[in-house]
Amino acid sequence: MNRATSPRHWRILASSAVVLGLALTGCTNPGEQDQAAAPSGDGGGDGQVVKESSGEDCTLEDYGAEKLDLANAVVGFSQSEPDTAAFRAAETKSIREAADAAGVERLLVTNANNELPKQIADIQNMLSQGAEFLIVAPVNSDGLDPALDAAKQKGVPVLTIDRKVTNTHCEDYVAFLGSDFYEQGRRAADAMNEATGGEAKVAILLGSSGNNVTDDRNSGFKEQVAAEYPGLEIVAEQTANFARDEGQSVAEQLLQSNPDITAIYAHNDEMALGAVTAVQAAGKQPGTDVKIVSIDGTRNAVQAIVDGNINAVIESNPRFGPLAFETAEKFFAGEAIPEDVIIEDDEYNQDNAEAELGNAF
Amino acid sequence: MTATTAAPEHLPGSGRARLARLAQRQGALVILVAAVLVSTFVFDSFGTAGNLTNIALQASFLAVVALGMTFVIMSGGIDLSVGSVFALGGVLAAWGAQHGTWAALLVPLTVCGAIGLVQGLVIARGGLPPFIVTLAGLLFARGLLLLISDEGATTYKVPAGSAFRELAQGGFLGIGYPIWIVLAAFAAGGLVLHRTSYGSTVLAVGGQEDAADLMGLPVARTKLVTYTMSGVLAGFGGLLMASYTSSGVTVLGVGMELEVISAVVLGGTLLTGGAGTVLGSLVGVLLLQVIRNVINQVGSLNSNWQAVISGTILLIVVTVQRWLATVERR
């Protein structure tokens, strides 16, 4: 009668899994996570500066949209990932504040919780609520076609931020505002060289696989090292999925199997903070015995620089609000907008971390 | 056999028990109708034709998968692989679309059906618990997806002008094809459940598997068909999504199995098997979609309220189901 009793167990398991799973949906995302860092409520006025623009220009006329006064407009913002990630929280907050400053009549904000179908639904939903201009942080580079088509049909221009879509520029979207992740990787290599004095055995904590952020931050770093810093030897690389706990456990394993590791490059701050704990657990001093460099610029990581546990952090600025609304105003005023608007990212290191802590997110 | 199956309302029973059964079956429908009516009055943009067809269209992908899951759960099983199989189906369809519309349709249905068939074989013939077998299927399908998409880095695009795009982007009488497909599929599902011996066997197996076996019902074959169909339908849902988004998106379907299971349970199908309705699952899917839409309409609400509200309603429904079951027995 085993057969009669054993299904009971998994049925109970299944039902609890369903209830739990529903409550937790959205917490399992492969993007950048920051469960612990409190989104900054104050300060942090580090606005974005455009570094370079490239690609073909797009004007209101080319796009076939009508002139719009943002001050009396309904604007929609579709966020991709949950605001539990500090990056996302700072991004959403920045859009809200910039919308206030621009005096828009109504700002609609949705969060796709990292689900593409939900983002499509969110965007269509905002369109049916009368959104006249859309700012979209895409969940994925491909597959937003139905949402972008719906916007096109209604003559609503779309501005994409932080992740680029593969659709047709100036037909499906106005422009892309974002960081150059490849450049971030190169600058991380420069910072690593600076921190280690040019000689180190480096372990890399990779972000989630199949993600352009991971790919670019990794190849940028490696190519810069190969070109400029022969003394930096990459001895190991393992994925830790942008998560702090995985950063810690992976770093522990790497340090155990490779005790001569003298530096760690993490693709984001969360994994770097995990690595700090792992280095301490191995009886070494993070920041001194094992140099740590990462990318993002979260408050916790910049504080760790102040405390001497992390050596440098390359910023990935999430505050798209002012630049997004400025770009929109220019666009509706008839100015040409280039396809790619790449922003300037700062760097935090032991020289400026204390003074710049307020700019971290 | 009929005692556990087709039309329990014809059975003798106290008025109270009948009411309990009705509440169990139509509870979600009452909540759905109430939610739609209230939202139409409160939010100007909710009741518009555009918004309502959007809700229906967006619900259709989940609905297709929920149809297969309904039969699985009614048979006393569970299928955790549907989210991964859904994503795999989409990637295979977009890949297949490079080689023609037939490839876009047949490749995902064949592969996903095969995954379902193997799961069904292991469950039916091997006697292993569906929870574990389909958990393995979940991992297998997701792994296969990552293998053929270069760890998720390659997204296959459906070529512009491919007839495959029409499947989910086109429509008839202003209503998208996926909605028609869902209506047809659920009508067929209802007929299969109530008018075929397969349908009654599913319920019998879910109610009392040992008894069904003793009665000489084809228990193993029924499970085999059920899991195969669940695989085919999950793959078909993914295929529709690939047509809709014109691409084989690799990040889809994570956690989708839980959403599907909760829609089916909301619709009044007992998680313990043996009872349920096909239409209820459609109502459950729509209810989840309406909750999501309403939270966007409010605008100022954090989107995580959707999960909180859906979770709460689900918990209530499951608790009420349990309570109604004891009322019925009295």
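Convention: sequence-line order gives letters A, B, ...; per-chain numbering from 1. Heavy atoms only: backbone and side chains are in, while hydrogens, waters and symmetry mates are out.
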What closest approach, in Å, do B:S45 and A:S128 show between heavy atoms, and which atom pair accounts for it?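 Heavy-atom minimum between the residues: CB-O, 3.4 Å.
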For chain A, find which of B:V265, B:D44, B:N51 contributes the most heavy-atom pairs closer than 4.5 angstrom.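 Of the options given, most contacts go to B:N51.
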[X] [atom1] to [Y] [atom2] distance, which is reported to the nearest 0.5 Å:
| X | Y | atom1 | atom2 | value |
| --- | --- | --- | --- | --- |
| A:N113 | B:R292 | CG | CZ | 8.5 Å |
| B:T245 | A:Q119 | OG1 | CD | 12.5 Å |
| B:L57 | A:I120 | CG | CD1 | 9.5 Å |
| A:Q124 | B:N293 | CD | CG | 10.5 Å |

All salt bridge (Lys or Arg N to Asp or Glu O under 4.0 Å) counterparts of A:D122, not counting sequence neighbours: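 Residues passing salt bridge (Lys or Arg N to Asp or Glu O under 4.0 Å) with A:D122: A:K118.
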Side chains of B:M241 and A:L116, heavy atoms from C-beta outward: is any pair under 4.5 Å?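 No; the side chains remain at least 4.5 Å from each other.
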Residues from residues 141-156 of chain A approaching chain B under 4.5 Å (heavy atoms):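 Interface residues of residues 141-156 of chain A: A:D142, A:G143, A:D145, A:P146.
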